[in-house]
Amino acid sequence: MRSLDQLNAKFGIKNRLHIGTGQGGLTRVVITTPAAEAHVYLHGAHVTHYARTGQPPLLFMSKQSAFLPDKPIRGGVPICFPWFGPKNDPACPDAPIHGFARLMAWTVESTSATDDVVTLVLGLHATAQSKKQWPGDFHARYTIVIGATLSLELAITNNGADAVKFEEALHTYFTVADVRNAWIDGLAGASYLDKVDNFATKTQDGAVRITGETDRVYLNTTSACIIHDPVHKRKVVNAKENSSATVVWNPWIAKAKAMSDFGDHEWPEMVCVETVNANVHAVTLAAGQTHTMKAVISSEPM
Ligand code: TA6
């Protein structure tokens, strides 16, 4: 693996992109543009921070998150791949929740900058270890564009001889001043699986408001979601491409207490609105083909 000096010599961009040591000694890319700043860890290709200049961060990060090579980072944008949730495979009892991509070391494939934006491309290939949990011979390419918006594009290429089926998610944790005062538009009328009610199928009536533990998989929806945060006086938009499901999650009180890497009192400060292909929207990819899913996050005054 390249040293930090070698990485910066090859990929660093003066005043725009620097690769250094972040929390837990993990390698972190710090990106600065006129409109925004961002932090990205090579561990899991994990975007942990994105803030428009002069504004509170748009992404939530738990103050209790682990920063360890064998643990997922709690907050920001975890990448879920090649499955979402538990693997539910008796042959693979140790399979990590949400797949292995967020636990693996990604590599820097390229960097570039214009006056307004910085682009960072990270890559991940199948390994002998990953194939023990999922047989796909894949290459994942994650293109992160930092500017007045945060653009995240996950491209999965099937380099194997057989078709593969996978699930994927950009499991984005958004910051809100108080989730009890926020609401989410964009899902009205959508059908969802309610994971806190035995996966019962329900229909969303109007805006989504968080009044307790919330864990919903909205199906057949390609809509952008708008998180209204009246306290921060801003609307945060999660627009997406090639994603047919959206997950909304807040652990609320009991679940927050049950997570060691999440503060007991942090649940009001966040809501996950996730860009997903899972469940009936799992992706089947023929040999040699590439599937791309994208989320574009932006904010505007309310
Ligand atoms: O996307 C919501 C969810 O599937 C919840 O059920 C909860 O498990 C959350 O993801 C966090 O999962 P994690 O493995 O990151 O603790």
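Each ligand, and each atom within it, is numbered from 1 in the order the structure gives.
Taking atom 12 (O) of ligand 1 as the reference point, the nearest protein heavy-atom neighbour is His98 NE2, 3.3 Å. Among protein heavy atoms, atom 9 (C) of ligand 1 sits closest to His171 NE2, 3.7 Å. For atom 14 (O) of ligand 1, the nearest non-hydrogen atom of the protein is Arg102 NH2, 2.8 Å. The protein atom (non-hydrogen) at minimum distance from atom 5 (C) of ligand 1 is Asp215 OD2, 3.2 Å.
Applying the side-chain hydrogen bond (donor to acceptor under 3.5 Å, both in side chains) test to pairs two or more places apart or on separate chains, those with a residue in residues 19-48 are Glu37-His49. Applying the ring-ring contact (aromatic ring centres under 6.0 Å, His included) rule to pairs touching residues 199-225 yields Tyr192-Tyr218, sequence neighbours excluded.
Sparse packing is recorded around CG of Asn198, with 12 or fewer heavy atoms of other residues, nucleotides or ligands lying under 6.0 Å away.
Proximity of Arg74 to ligand 1 is established by a heavy-atom distance of less than 4.0 Å.
Atoms of ligand 1 found under 4.0 Å from any heavy atom of Ile97, numbered from 1 in the order shown, are 14 (O). Listed by number with element, the atoms of ligand 1 under 4.0 Å from a non-hydrogen atom of Lys195 are 4 (O), 6 (O). Set against the non-hydrogen atoms of Glu274, the atoms of ligand 1 under 4.0 Å away are 1 (O), 2 (C).
Side-chain atoms of Ser299 do not come within 3.5 Å of backbone N or O of Val236 as any donor-acceptor pair.
A heavy-atom distance below 4.5 Å is found between the side chains of Met104 and Thr127.
The side chain to side chain donor-acceptor pair (under 3.5 Å) test with Asp261 singles out one residue from Arg74, Lys63, Lys71, and that residue is Arg74.
Taking the charged nitrogens against the carboxylate oxygens, Lys202 and Asp197 do have a contact shorter than 4.0 Å, which makes a salt bridge.
Looking at Met259 against ligand 1, nothing comes within 4.0 Å, counting heavy atoms.
Taking distance alone, with nitrogen or oxygen atoms compared against 3.5 Å, Trp249 stays at or beyond that limit from ligand 1.
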